[in-house]
A.B. asks: 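First the structure, which I've put down as C-alpha cells, then a few questions once you've had a look.
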Amino acid sequence: MKIAEVIVDVSAYPVDRPFDYLIPDEMEELIECGCRVKVPFGARNILGFVVGIKNDTDVPPDKLKPVSSLLDIEPVLTKEMMELAKWMKNETISYEIDCLQVMIPSALRAKYEKMVVLETDAENLEEPLRTVFRRTTKANYKELEKQNLLIPLKKALKEKWVSIETVVKQKGTIKEIRKVKISEDKDFLQKVYENLSNRAKKQKQLLLWMQQHAGEIIEPEVIYRKTDSSPQVLQAVIGHGAAEFVMEEVYRNPFKKDVGKTDFFTLTEEQEKALQPIVDAMDNHSPETFLLHGVTGSGKTEVYLQAIQHCIQQGKEAIVLVPEISLTPQMTNRFRSRFGELVAVMHSGLSIGEKFDEWRKVHHRKVKVVVGARSAVFAPFENVGLIIIDEEHETSYKQEDSPRYHARDVAIWRSKYHRCPVILGSATPSLESYARARKNVYKLLTLKERALKQSLPSVEIVDMRKELKKGNRTMFSEKLAEAIRGRLEKNEQIVLFLNRRGYSSFVLCRDCGTVMQCENCDISLTYHRYNEKLKCHYCGYEQPVPAICPLCGSDHIRYFGTGTQKVEEELTKLFPGARVLRMDVDTTKRKGAHERILEDFGAGKADILLGTQMIAKGLDFPNITLVGVLSADTSLHLPDFRAAERTFQLLTQVSGRAGRAEKPGEVIIQTYSPEHYAIQFAKAQQYEPFYEREMLMRHEADYPPYYYIALVQVSHEDLLVSAEYAKKCADYLRSRLSFNASIIGPTTAGIVRLQNRYRYQCLIKYKIEPNLIPTFLQLMKIYRTDWMKKGITLTIDLNPTMI
DNA sequence: GTTCACTCTCAG
DNA sequence: TGAGAGTGAACG
C-alpha cells in the first residue's frame, strides 16, 4: 500500500498540514513528490501537491480516500522547493499552500469551475433546463446563472435531477505547431516520385527536394519557400504517404526582436578586484553573500555578466533578480546579447502562457540564466551557482501580501542549499545590508569610479522658498527653466522627475476648505484629467468632479497639487516647441506602453521625458544631459522611519541618469528643505556620510538595522472593535515576549480607514527573540480559530518595508 | 475555503 | 411539522 501526503489547495488554518491519500495501483509507478494531484476533499475535488510518499498511515482505512487523478508526469516542484516552503511558512507566518503556489507559474495553479451535471434523462427535466441539457450533460454554473436559470436549477437540484460538481481546470496550455515529417524511406520517396503523372510538375519538384531531406521535420512555410510549392501541393504529396503532419511543442517567444551578439568588455582594475572574490566563492562552493556597492554608472552589470559567465563555465545556473520597473528590453537585451538562447526572462508584462513557457525553459534545463522580478527567485534550477539581486535596496523585493517573503532572504536560503554565492548590488544599499557588510556578515565590494571614467554629474539644489519670495509661482525655478531652455537649443535630452507619492492633485473648495475624500478610505481623491474623474488610489472608488461643494454648496472648486498631467501642461506653455513624453500610471497601463515610450525617447523622438518613480531606474541614454527633480521633499515627509533613506536613494538614482556617456551631466534638485541631510548628501553623492548620519537617527529611535521590527495590524468595520482587538494583541505579545522586545501601541495605522475598515497596529522592536515566531504562530492561531468569525482581519508582517 | 449537518425560529 | 436561516465542525 502506497500513501501520498498531500498539501491541499485550501488556505485555511485547520488544513495547513499534509493529508494522507491512497495511491491507486495504476498511479504507483507514476506519482512522485512534487507532482500535482486532484484529490477528493470533503465534498469537493480539489488540487493538491504531493509532498511525501510513504507505506503506511495512521488514518483509519474507512476514512482514507484515493487520489482521483495525477496532473503531472514530471514533478512541478523540486525537493528544494518543498523544503523552502516549510521554512517560508514559518518565516512569514503564512500557509504552506500559499508558499508552494508562489513558486509555480500561475498557469499551473488550479482554476475551479462549478458545473451542473445531469443525473437523469434530459426529457425528465422541465423547461427551460430541458433545452440546455438536451445538448450537453454538463453545463457551466456561471453560464446558467447569467441566463437567470437559478430558480429552475434549484428545483432540479432538489429533485436530484442534476447535481453540482466542482472541476479542476488547468490554465496552462502547451503551445504546439504543425510541422511536416518527411518519410525516412528514400526508396519509397523515389517510388512515389515515379508513380506521379508527368502533369504533376510541382509535386515532382517537391518530392525531389524531399529526397534530399528524408526523415527531417520541417515547418510547412519553409517547405513552400524552398520548393516554391503551396499547401495544396504539399497536401497532395502527403496524400501519397511521402510525409506526414506532426505536432511539435514550441516555446512562445516573447522577444519581438533578435539581438546581436556582444562581447565581454575588459574589466577595469576596480571591477576585476570586485569580481575575483565572487569567482573564488563560486570555485570554493562557499555560500557567501556579497554586497556590491557601486556608484551609478560604475558598471555593476558587467561584473554580473562576467560572474554569470564563470558560473555557466562551471556547468551551473544563475538567477538574476531585477526590480520589475527596470526590467526593460534595454536591460534584458544586455543579458540576451551575451548569453543568447540560454536566457529566460520572467516579468509581469508577459501573458500567462508566455510566463509558463519561460518557466518551462528553466524546468526543462533549456536555459542557464533567469532574469526576472521578485518571483524569479524561485526558478526551479537544481544546480544553482550564483544568485544576483540588482538594486538590492528596492522595496519591491518584498511581497506585499501573503506570503510576505523577501526575495533577498529566499536567495540567501537557496545559496546555502546550493552552496553558492549571492551578490547584492546597489549604488545606494539599504541600511540593513550595509550594516551587515560593515559587520562582515556580508562581504563588501566597492566600485568607486564610473566605468568610462565620466565624472559624476554636477548636482545643484534650488531653494524653492526663495523662488516663491521672488514671485515665481510656477513649478519651475528660474535655474531649471534656464537649463531646460539651454538643452532644448543644443538638442540634448532632459529627464524631469516628479516625486508624486502622496502629492497628487486633489480637489478643494476654496470657500469652506473641504477636500474631496474617498467614501471608503481616509484619503483625498486624486483628480484625473483624462476622464474628468476623482479616483481613490487605494480602493479604486471613482466619482465625477462635483460642480458645487457637497458641504457648503459653493461653486469655487479648484484643483491643487502637481500631477504629471499638470506639469506637462505647464511645460508646453513654457516651452511651446518642446516635445514632451509623459510616463506615469496612466500612460503605461497598456501592455508594452512602457517599452514604447522608452524606445521613442531613446530614438530621440522627444526632448523631455517626464515621469514618476518608474523613470528613476535603468534609463541609460547617452544624450540625457539634464535631470530635474521637481520636488524632492514629498517622500521626505512621509510618516515612515525610512523616509530619509528613500529620498536619498531616489535622488541618487535619478541623478545617475544624467551624463552617462561623453557629455557631462547636470542635475537640478528643487526643494523646500534644502538643508535636510538626505538632500545635502544626495547632492554631494556620498553614500558613506549619509549612512553614518542616518545610522545615528536609527540608533536613537531603536529602528533597524539596530532592531528588527514586526508589524501587527488589526482591522474591523467598527473602530472600537478594531481598537479593542489591537489592544488584545499588544497584551498578548507583552505577556509572551521578553523584556528586550518593546511593543509599541496599539496606535492607529497611517491611513486609519481603508475600504471602510478601521485599522490599528502594533509595532514590535526586537533584537534576539527566540520566542517571536512561536508567539506569532500562536497569535495567528487564536485569530484564525476565534477572532476571524467576528470579522476581524489580522496581518503580521515581519520586517515590513513601510510602517 | 466549502460543505454538510445540526440547531433554531417562525409560519402554517 | 416543515422549510428556511444561522452556526460549527470536519475535511484523509
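Chain A is the first sequence line, chain B the second, and so forth, proteins listed ahead of strands; every chain is numbered from 1. Heavy-atom basis, side chains included; hydrogens, waters and symmetry copies ignored.
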A.B. asks: Would you call the rings of Trp787(A) and Tyr783(A) parallel, tilted or perpendicular if under 30° counts as parallel and over 60° as perpendicular?
C.D. replies: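 Perpendicular.
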A.B. asks: Give every donor-acceptor pair under 3.5 Å between a side-chain atom in residues 3-16 of chain A and any protein atom, sequence neighbours left out.
C.D. replies:
{"unit_1": "Asp9(A)", "atom_1": "OD1", "unit_2": "Gln101(A)", "atom_2": "NE2", "d": "3.0"}
{"unit_1": "Asp9(A)", "atom_1": "OD2", "unit_2": "Tyr112(A)", "atom_2": "OH", "d": "2.8"}
{"unit_1": "Ser11(A)", "atom_1": "OG", "unit_2": "Asp98(A)", "atom_2": "OD1", "d": "2.9"}
{"unit_1": "Asp16(A)", "atom_1": "OD1", "unit_2": "Glu96(A)", "atom_2": "N", "d": "3.0"}

A.B. asks: Going by an N to O cut-off under 4.0 Å, is there a salt bridge joining Glu382(A) and Lys79(A)?
C.D. replies: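 No salt bridge links Glu382(A) with Lys79(A).
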A.B. asks: How would you label the contact of Arg784(A) with the nucleic acid (heavy atoms, under 4.0 Å): base, sugar-phosphate, or nothing?
C.D. replies: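 Counting heavy atoms under 4.0 Å across all strands, no contact is made by Arg784(A).
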A.B. asks: For Phe41(A), which contact category applies under a 4.0 Å heavy-atom criterion: base, sugar-phosphate, or nothing?
C.D. replies: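 The residue Phe41(A) makes base contact.
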A.B. asks: Anything under 4.0 Å to a heavy atom of chain A counts; send over the first and last such nucleotide of DNA chain C, read 5' to 3'.
C.D. replies: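 Footprint of chain A along DNA chain C, 5' to 3': dC11(C) to dG12(C).
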A.B. asks: For a 4.0 angstrom threshold against heavy atoms of chain A, report the outermost contacting nucleotides of DNA chain B in 5' to 3' order.
C.D. replies: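 On DNA chain B, the outermost contacted nucleotides are dG1(B) to dC4(B).
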A.B. asks: Quick one: are the ring centres of Tyr405(A) and Phe378(A) less than 6.0 Å apart?
C.D. replies: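 Between Phe378(A) and Tyr405(A), which both carry aromatic rings, the centre distance is below 6.0 Å.
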A.B. asks: Checking Ser715(A) against Thr793(A): is there a side-chain donor and acceptor pair closer than 3.5 Å?
C.D. replies: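 Note: Thr793(A) and Ser715(A) side chains meet the donor-acceptor criterion.
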A.B. asks: Does the side chain of Glu80(A) pick up a donor-acceptor pair with the side chain of His418(A) at under 3.5 Å?
C.D. replies: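 Result is yes, a qualifying pair exists.
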A.B. asks: Touch check for Pro60(A), heavy atoms < 4.0 angstrom, all strands: base, sugar-phosphate only, or nothing?
C.D. replies: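 The answer is nothing, as Pro60(A) stays clear of every strand by at least 4.0 Å.
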A.B. asks: Show your reasoning for whether salt bridge (Lys or Arg N to Asp or Glu O under 4.0 Å) applies to Lys728(A) and Asp731(A).
C.D. replies: CA-CA 5 Å; Lys728(A) 279 190 187 175; Asp731(A) 290 345; over 6 Å; no
A.B. asks: What does Ala43(A) touch in the nucleic acid at a heavy-atom separation under 4.0 angstrom: a base, only the sugar-phosphate, or nothing?
C.D. replies: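 Sugar-phosphate: the residue Ala43(A), judged by heavy atoms under 4.0 Å, touches backbone atoms but no base.
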A.B. asks: Between Tyr707(A) and Tyr766(A), is the gap from one ring center to the other below 6.0 Å?
C.D. replies: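 Here the rings of Tyr766(A) and Tyr707(A) have centres that are no less than 6.0 Å from each other.
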